[in-house]
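In each ligand, atom 1 is the first atom listed, and ligand 1 is the first ligand listed.
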Amino acid sequence: MTTLLHIDASARYGSSDKISHGSHTRRLTARFVRQWITLHPETKVLYRDVGQESPPPVTGKWIHAAFTSEHVREDWMKEELRISDVLIDEVLQADLIVAGVPMYNFGPPAQFKAYIDNIVRVGRTFGFDRNRDGEPYWPLLADSGKRLVILSSRGDYGYQQGGRLGSLNHVEASVRTAFAYIGVTDVHEAAIEYDEFADCRLADSIRQAEGVIDDLVSMLGNSSI
Ligand SMILES: Cc1cc2nc3c(=O)[nH]c(=O)nc-3n(C[C@H](O)[C@H](O)[C@H](O)COP(=O)(O)O)c2cc1C
């Protein structure tokens, strides 16, 4: 049975096809998950809404706890890492991660960055040994077969690679980098542009992104998980 982890990170409530001023990324993730379940009804879906309930940013106490060996962790350290453990357990369970990540000031929203900082953790998702031959850091989820779909939206246009604002887009690249660091390298994308213009170019862009999603659902569903 496939486990799909559905993550939303928009600060906006509701999806743009349901309410005015709703979120496009919520619309895209909902479409992906809806279509996936239609084709694979046995899928177990986990849902995490970091847009509405942000994980806490890491603190000095969190870092102290994370870099203390598990067998000598005190109770306050375990409590400090409790939310991180829950979020990591979800990632470990997931075969397919579908993340809605809007562009806020050229990168992911702070809520999603806090999520990343909670799931990229020494001893749980990456290894570190300063005495190791070669590379002292290594991904613990490599070869797990996990796949990631990043569904984004932005107000302006031309953020695709080579586009007029391509060099300013740090959304997909930063999410890819963090997930590759823990070993998730099979990554797919779709994005909406022109949100701020709210004209026929936005409508075209939504149609195009939804088409990419439909293709992704069938492509990823046909290859084994
Ligand atoms: C705080 C904030 C920052 C934003 N920064 C950018 C930006 O840097 N570039 C851009 O093109 N659009 C920017 N936008 C527009 C959003 O990317 C756009 O509205 C997108 O559709 C938001 O995703 P959502 O519809 O899922 O909420 C910003 C919006 C907000 C609320």
- Message: Among residues at least two apart in sequence or on other chains, which ones pass ring pair (Phe, Tyr, Trp, His ring centres under 6.0 Å) with His64?
- Response: Trp76
- Task: Return the protein residues near ligand 1 (heavy atom under 4.0 Å from any of its atoms), ordered by chain and residue number.
- Result: Ser10, Arg12, Ser23, His24, Thr25, Pro102, Met103, Tyr104, Asn105, Phe106, Ser153, Arg154, Gly155, Asp156, Tyr159, Asp195, Glu196
- Item | Nearest heavy atoms of Ala209 and Ala191, plus distance in Å | CB-O, 3.6 Å
- Message: How about OH on Tyr47, more than 12 heavy atoms from neighbouring residues, nucleotides or ligands closer than 6.0 Å, or not?
- Response: yes
Cut-off 3.5 Å, no hydrogens considered: what does the side-chain donor-acceptor table look like for residues 133-143, sequence neighbours left out?
residue	atom	partner	partner atom	Å
Glu135	OE2	Tyr137	N	3.4

- Geometric class of the His40/Trp36 ring pair [parallel <30°, tilted 30-60°, perpendicular >60°]: tilted
Show me, pair by pair, the donor-acceptor contacts under 3.5 angstrom made by side chains of residues 97-111, not counting sequence neighbours?
residue	atom	partner	partner atom	Å
Tyr104	OH	Ala11	N	3.1

